[in-house]
Amino acid sequence: MIKERIRQMLLEAARAAYEAGELSSADFPPISVEEPKAGAHGDLATNFAMTSASVQKMPPKAIAQAVTDHISDPGGLIEKTEIAGPGFINFFIHPLAWHPILDAIHEKGGAFGANDLGQGQKVQVEFVSANPTGPLHIGHGRGAVVGDTIAALLLFCGYRVDREYYINDAGRQIHTLGKSVYLRCCELSGQSVDFPEDAYQGDYIYEIAKSVLADQEQDILALDAEAAISRCARRAAGEILEGIRADLQGLGVTFDHWYSEQQLYDTGKVQAAIESLFQQGLIYEKDGAKWFTSASFGDEKDRVVVRNNGQTTYFASDIAYHREKYERGYQRIIDVWGADHHGYVPRLTAAISAMGKSPDQFRVILTQLVNLLRQGRPVSMSTRAGKFETLRDVVSEVGRDAARFIFLTRHHESQLDFDLEVAKAQTNDNPVYYVQYVHARIASIRRKAAEEKGIRETTPDAESMARLNEPEEIQLIKQMGRYPETVSAAADLMEPHRIAYYLMDLAALFHAYYNKHKVLTDDPGLSAPRLYLVIAVQKVICNGLHMLGVSAPESM
RNA sequence: GCCCCCGUAGCUCAGUGGAUAGAGCAAUGGAUUCCUAAUCCAUGUGCCGCAGGUUCGAUCCCUGCCGGGGGCACCA
């Protein structure tokens, strides 16, 4: 808010300077006002003079001088300005000018930092979408948390957001799953079976086989093999999906829609999508297969949608699925995938271009892989042997809050080392507690104020607010003032880790303040504004943690 | 061979064109009669992988190379 006012003042000053003949052009580039890294350079600074140099045909320092000479500051916001370096204009803001941020936080509460970037657009975030052929692993957990948090950010920024899970319940993998279960059923009933290597090896297959055998309604072994496999497949996919749903719920992730691939086939939407592309002349036949001309939409080659054996590919149903998404009225579509699918992006983007949708209506977020460690050593993740640490195991070992926070302490396109021991440690290696502790500490102060000190939570008058002038207090307020722009940047760039880092920074400032200054003093005129300050901190911490799906405890 | 991600302090990582590149961990020393020590304070370390280019200005953008990881089906 202060940044915006400075920007306005600069613009008016530039105009005034031009009218006074001190600038040669009224053509001003967009004015950027940033916080300098070094405190000695003031609270805010602009490079306006440098970016205007070529238009004005003047040295940056002369432009800076002309502009600063015409700055009008009736509100007394600015303590002083200076021209420095190659032509920066630095602003030193009056410390008390930051105080309105506190009022905004108290007024808006949980809505502080929200904006209307999305303007009510409908957006769908599709994430996880793991095949229901086995339990979720840690990598799925990362995708789940990143997707969930991106959805939360977009919601906070004025989008109408739906979270969706796409169930790959059609096709070969499901058939393989059914076969795996069926063979285990046979094995458990004493038959000797040849269990193929490409079948699912995990112990969970035995569990499902047992439950199939325990089902009294129908003797699976009496059916012919294909019918039995199909029955096993349905049953297994259903059970596994239930497990996935439960695991995600354990991570605090829930979906608005679970969308079935099989349903796309059952309702003829896959055929319709292929037909539509064919009508557009974008599908041709070659070698007995049907190809989509993805190369003409930026992919490196054309891709098969119907194989020469008549079966459609996964790509075909994905085209149909995304067509369906737009038909459901989503203006923006976001897919969160594991980075191992990155090669798939160009062809789906091609398909979406063929639907006449612009690239900014479709975005794929790729999450890089997670290395699961224990005390710095890799935990074996041998899928072949079917033995691996599941997401469920991890969450139950380290807890939801720590798991979620750790997933968000890296840029999603960086690989992540997830160390189980670190995740459990209650040290600053594990910053979730560091941030939560702020919330708990302030809750404790508030209890103490009410119960022992008899200090009421009020909106202090101007006179007592003026006592909120310690450097640590101003720092805290300034940091809280950064929350709205952090939220909009995180949403815009779909980088939820920015919120996590923001919270760690805010927490550090609070802990330092807490150690240096007492909130509850014998001086009511001082305690009241300080209480007002720390309650604001607590609200912002709570907002941010809530955004990340992490709890904000009253005590620890 | 082609594509994607990464390369920043001893380690793990922030830093979407600005001035003197930051944090945590690790190391050393200190702080608790006082609102929760899961906290704080002090002490220092960098050819921002390399080489070009664009720019008034590059860790950031472009090109090439080097190193690490992942992906390249009429599989999903």
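Every chain is numbered from 1 and lettered A, B, ... according to where its sequence line falls, protein lines coming before strand lines.
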May I have the distance from His342(A) (atom NE2) to G70(B) (atom P), rounded to whole angstrom?
-> 13 Å
Can you figure out which of C5(B), U16(B), C40(B) approaches the side chain of Tyr434(A) most closely?
-> C40(B)
Tell me whether Tyr501(A) is stacked on the nucleobase of A14(B), counting only the six-membered base ring and applying the 5.5 Å and 30° thresholds.
-> no
What integer number of Å spans the C1' atoms of A51(B) and U45(B)?
-> 26 Å
Salt-bridge criterion met for Arg374(A) and Glu397(A) (N-O under 4.0 Å) = yes
Contact under 4.0 Å: Lys37(A) side-chain N or O vs A21(B) OP1/OP2 | no
Relative to each other, are the rings of Tyr514(A) and Phe510(A) parallel, tilted or perpendicular (30° and 60° limits)?
-> tilted
Tell me whether His411(A) is stacked on the nucleobase of A14(B), counting only the six-membered base ring and applying the 5.5 Å and 30° thresholds.
-> no
Would you mind checking if Asp43(A) and Lys478(A) are paired as a salt bridge, meaning a charged N to carboxylate O distance below 4.0 Å?
-> yes
Distance in angstrom units between Glu35(A) CD and U16(B) P, rounded = 13 Å
Touch check for Lys301(A), heavy atoms < 4.0 angstrom, all strands: base, sugar-phosphate only, or nothing?
-> sugar-phosphate
If we take the P atom in both C3(B) and C40(B), what is their distance in whole Å?
-> 46 Å
Between G46(B) and C5(B), how far is it from one C1' atom to the other, in whole Å?
-> 24 Å
Polar side-chain contact His511(A)-C40(B) base: donor and acceptor under 3.5 Å = no
Check every atom of A76(B), G18(B), G15(B) against the side chain of His341(A) and return the nucleotide holding the closest atom.
-> A76(B)
Residue pair Arg172(A)/Thr51(A) against RNA chain B: nearer the 5' end by closest nucleotide is Thr51(A)
Report the distance from atom CZ of Arg446(A) to atom CD1 of Ile442(A), rounding to the nearest 0.5 Å.
-> 9.0 Å
Phe418(A) vs Phe407(A) aromatic rings, parallel, tilted or perpendicular, using cut-offs 30° and 60°?
-> tilted
Send over the distance from Gln436(A) CD to U39(B) C1', rounded to a whole Å.
-> 15 Å
Side-chain N or O of Tyr514(A) closer than 4.0 Å to phosphate OP1/OP2 of A37(B) | yes
Among A19(B), A38(B), C35(B), the nucleotide that comes nearest once only the side chain of Ala45(A) is considered | A19(B)
Please determine, for the side chain of Tyr433(A), which listed nucleotide (C35(B), A38(B), C13(B)) has the closest atom?
-> A38(B)
What integer number of Å spans the C1' atoms of U63(B) and A73(B)?
-> 32 Å
Just checking Leu520(A): base, sugar-phosphate only, or nothing, at a heavy-atom cut-off of under 4.0 Å?
-> base
Nearest-angstrom distance, P atom, C65(B) to G71(B) = 23 Å
Gap in Å between the two C1' atoms, one belonging to G49(B) and one to A58(B), rounded | 16 Å
Selected nucleotide, minimal atom distance to Leu366(A) side chain, candidates C4(B), C74(B), G18(B) = C4(B)
Phosphate contact (A76(B) OP1 or OP2) by Tyr200(A) side-chain N/O below 4.0 Å = no
Assign each of Leu416(A) and Lys518(A) the nucleotide of RNA chain B bearing its closest heavy atom; nearer the 5' end lies the nucleotide of Leu416(A)
Looking at A76(B), does its base get a donor-acceptor pair with the side chain of Asp340(A) below 3.5 Å?
-> no
Asn428(A) has a side chain; which of G24(B), G70(B), U12(B) sits nearest to it?
-> G24(B)
Just the dot-bracket of RNA chain B, please: which string comes out with Watson-Crick or G-U pairs under 3.5 Å, [ ] for crossing, | for another strand?
-> (((((((..((((....[...)))).(((((.......))))).....(((((..]....))))))))))))....
Interatomic distance where CG belongs to Asn515(A) and P belongs to A31(B) [whole Å] = 14 Å
Inter-nucleotide P distance (G69(B), U8(B)), Å rounded = 15 Å
For Glu35(A), check salt bridge (Lys or Arg N to Asp or Glu O under 4.0 Å) against everything at least two apart and list the hits.
-> Arg482(A)
Is the shortest side-chain N/O distance from Arg307(A) to OP1 or OP2 of A73(B) below 4.0 Å?
-> no
Specify the separation, in whole Å, of atom CD of Glu82(A) and atom C1' of A19(B).
-> 11 Å
Can you tell me, in whole Å, how much space there is between the C1' of C56(B) and that of A9(B)?
-> 31 Å
Met50(A) CE to G18(B) P: how many Å, rounded?
-> 10 Å
Indicate the ring-plane relationship of Trp258(A) and Tyr165(A), choosing parallel, tilted or perpendicular according to the 30° and 60° boundaries.
-> parallel
Between C35(B), C2(B), C74(B), which one does the side chain of Trp291(A) approach most closely?
-> C74(B)
Rounded interatomic separation in angstrom, taking CG from Asn371(A) and P from C6(B) | 16 Å
Where the side chain of Phe88(A) is concerned, which of G18(B), C74(B), C3(B) is the nearest nucleotide?
-> G18(B)
Go through G18(B), A14(B), A19(B) for me and flag the one nearest to the Ser414(A) side chain.
-> A14(B)
Would you call the rings of Trp291(A) and Tyr284(A) parallel, tilted or perpendicular if under 30° counts as parallel and over 60° as perpendicular?
-> parallel
Per Asn168(A) side chain, nearest of listed nucleotides A19(B), A76(B), C13(B) = A76(B)
Measure the spacing between CG of Asp169(A) and OH of Tyr166(A) and express it to the nearest 0.5 Å.
-> 8.0 Å
Remember a base hit wins even if backbone is also touched, and classify Phe315(A) as base, sugar-phosphate or nothing at under 4.0 Å, heavy atoms.
-> nothing
Lys453(A) has an atom NZ; how far is it from atom P of C34(B), in whole Å?
-> 11 Å
Donor-acceptor pair present, Asn47(A) side chain and G18(B) base, under 3.5 Å | yes
Considering just the side-chain nitrogens and oxygens of Arg498(A), establish if one lies under 4.0 Å of OP1 or OP2 belonging to U16(B).
-> yes
Using a 4.0 Å heavy-atom cut-off across all strands, classify Asp429(A) as base, sugar-phosphate, or nothing.
-> sugar-phosphate
Carboxylate-amine/guanidinium proximity below 4.0 Å for Glu452(A) and Lys448(A) = yes
N-O pairing of Glu485(A) and Lys3(A) below 4.0 Å | yes
